[in-house]
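Take a look at the structure set out below.
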Amino acid sequence: MVLRSENIWTFLITLAILSHVSQSLHFELRSGRTKCISEDIKSNSMTVGKYSVIKPNEAHPSPPSHKISIRVTSSYGNTFHHAEDVDSGQFAFTAVEAGDYMACFTANGHKPEVTLSIDFDWRTGIHSKSWSRVAKKSQVEVMEFEVKQLIETVNSIHDEMFYLRDREEEMQNLNRATNSKMAWLSFLSLFVCLGVAGMQFLHLKTFLEKKKVI
């Protein structure tokens with residue numbers, strides 16, 4: 001796929017802007033229910049996540065009704081994080097498999113049912129690197145880390161473009177294979193229809209001959 005230079009620069013600038021945006025999510029979950037959130041992660045990418053159940057009373061520990069279980073798995077079913085009966089936690093790992101990763105939250109069963117409010121922050125790639133923690137007060141060091149951050153952003157964009165190109169090739173190959181199978185199926189269906197029509201014609205001709213109609 002060939003892109004014009006202006007389109008490439010627009011794409012790079014957009015990704016560079018998005019690389020500084022915090023990805024966070026707030027959702028509700030009822031007792032005994034499960035909710036899953038997916039994230040498309042490419043191979044060898046760093047990903048970090050932090051989750052917490054909002055306490056009904058900040059001055060007291062979370063009651064048993066406000067505990068959850070969480071499991072983070074890859075598209076191949078491998079588990080990268082698992083915790084039970086918790087009200088907060090975090091995970092971090094480097095993806096060894098490309099594809100959709102799933103974070104499933106399950107609220108503990110409780111009667112009567114209660115509704116939990118959960119904050120979830122999931123960052124991948126350049127989003128997962130908190131450069132502000134390592135930046136120093138010195139202006140030179142701050143500039144140095146900003147340059148490193150830009151380099152990491154460019155490398156991330158470069159890897160992302162190759163990843164998207166590979167995914168596009170996979171989809172094109174899948175489309176070609178599907179179209180080929182559909183073409184053969186169409187020819188087979190046509191052949192079957194013609195065969196059935198021919199058999200019906202011969203049967204009708206034989207029937208009419210026996211009745212001496214023709």
Side-chain angles (χ1 to χ4, degrees), residues 15-110 113-137 141-142 144-146 148-160 163:
L15 285 181
I17 294 175
L18 290 177
S19 66
H20 299 279
V21 179
S22 176
Q23 300 178 355
S24 60
L25 181 66
H26 177 84
F27 61 93
E28 294 183 344
L29 184 63
R30 293 187 65 83
S31 299
R33 308 293 177 84
T34 298
K35 180 170 291 187
C36 294
I37 300 169
S38 65
E39 178 78 8
D40 186 18
I41 306 176
K42 63 179 182 291
S43 180
N44 297 323
S45 292
M46 181 69 180
T47 182
V48 296
K50 184 178 181 180
Y51 53 89
S52 62
V53 180
I54 297 179
K55 298 179 180 180
N57 190 339
E58 291 293 338
H60 297 85
S62 297
S65 61
H66 282 63
K67 301 291 185 178
I68 61 173
S69 298
I70 176 176
R71 184 183 296 272
V72 181
T73 59
S74 68
S75 57
Y76 296 94
N78 297 322
T79 300
F80 289 86
H81 176 71
H82 180 222
E84 295 184 357
D85 200 30
V86 297
D87 56 11
S88 64
Q90 58 186 4
F91 59 85
F93 60 88
T94 300
V96 296
E97 307 161 352
D100 289 329
Y101 283 70
M102 196 81 66
C104 292
F105 297 83
T106 302
N108 290 355
H110 187 268
E113 289 188 353
V114 296
T115 300
L116 310 183
S117 296
I118 301 174
D119 288 328
F120 182 40
D121 188 7
W122 196 356
R123 304 183 184 187
T124 301
I126 192 66
H127 303 285
S128 64
K129 298 185 177 181
S130 181
W131 292 93
S132 59
R133 296 180 181 176
V134 295
K136 306 297 182 180
K137 293 182 180 180
E141 292 178 342
V142 171
E144 179 183 353
F145 282 109
E146 287 180 351
K148 289 183 179 180
Q149 184 179 8
L150 289 176
I151 293 175
E152 287 289 340
T153 302
V154 172
N155 291 335
S156 178
I157 294 172
H158 182 266
D159 295 339
E160 188 71 21
Y163 173 70

Check residues 98-108 and write down every donor-acceptor pair under 3.5 Å in which the side-chain atom is one partner and the other belongs to a residue at least two apart or another chain.
residue, atom, partner, partner atom, Å
Tyr101, OH, Glu97, N, 3.2
Tyr101, OH, Glu97, O, 2.5
Thr106, OG1, Thr34, OG1, 2.9
Asn108, ND2, Asp85, OD1, 3.0

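Contact of the Phe120 side chain with the Phe27 side chain is registered, since non-hydrogen atoms from C-beta on lie closer than 4.5 Å. The shortest side-chain heavy-atom distance between Leu116 and Val114 falls under the 4.5 Å cut-off. Lys42 places a side-chain heavy atom less than 4.5 Å from the side chain of Glu160. The closest side-chain heavy-atom distance from Tyr76 to Val96 is not below 4.5 Å. Side chains of Thr124 and Glu39 form a contact here, defined as non-hydrogen atoms less than 4.5 Å apart.
Taking every heavy atom of both residues into account, Trp122 and Ser38 meet most closely at CZ3-C, 4.2 Å. Minimum heavy-atom separation, Phe91 to Ile70: CE2-CD1, 4.4 Å. Listed here is the closest heavy atom pair of Ser69 and Glu84: OG-CA, 3.6 Å.
Among Ile68, Leu25, Asp87, Asp121, the single residue meeting the side-chain contact (heavy atoms from CB on, under 4.5 Å) criterion with Tyr51 is Ile68.
Interatomic distance, NZ of Lys67 versus OG of Ser88, reported as 8.0 Å (0.5 Å rounding). Note: Lys35 NZ to Glu28 CD = 8.0 Å, rounded to the nearest 0.5 Å. Residue Ser52 holds its OG atom at 12.0 Å from NE2 of His66, rounded to the nearest 0.5 Å.
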request  = Report the C-alpha distance between Val72 and Phe93 in whole Å, list the side-chain angles of each, state the deciding distance to 0.1 Å, and finish with yes or no for side-chain contact (heavy atoms from CB on, under 4.5 Å).
outcome  = CA-CA 11 Å; Val72 181; Phe93 60 88; 4.0 Å; yes
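Checking side-chain atoms of Thr47 against main-chain N and O of Arg123 turns up a donor-acceptor pair under 3.5 Å.
By the neighbour-count criterion of 12 heavy atoms within 6.0 Å, atom CZ of Arg33 is sparsely surrounded, having that number or fewer from other residues, nucleotides or ligands.
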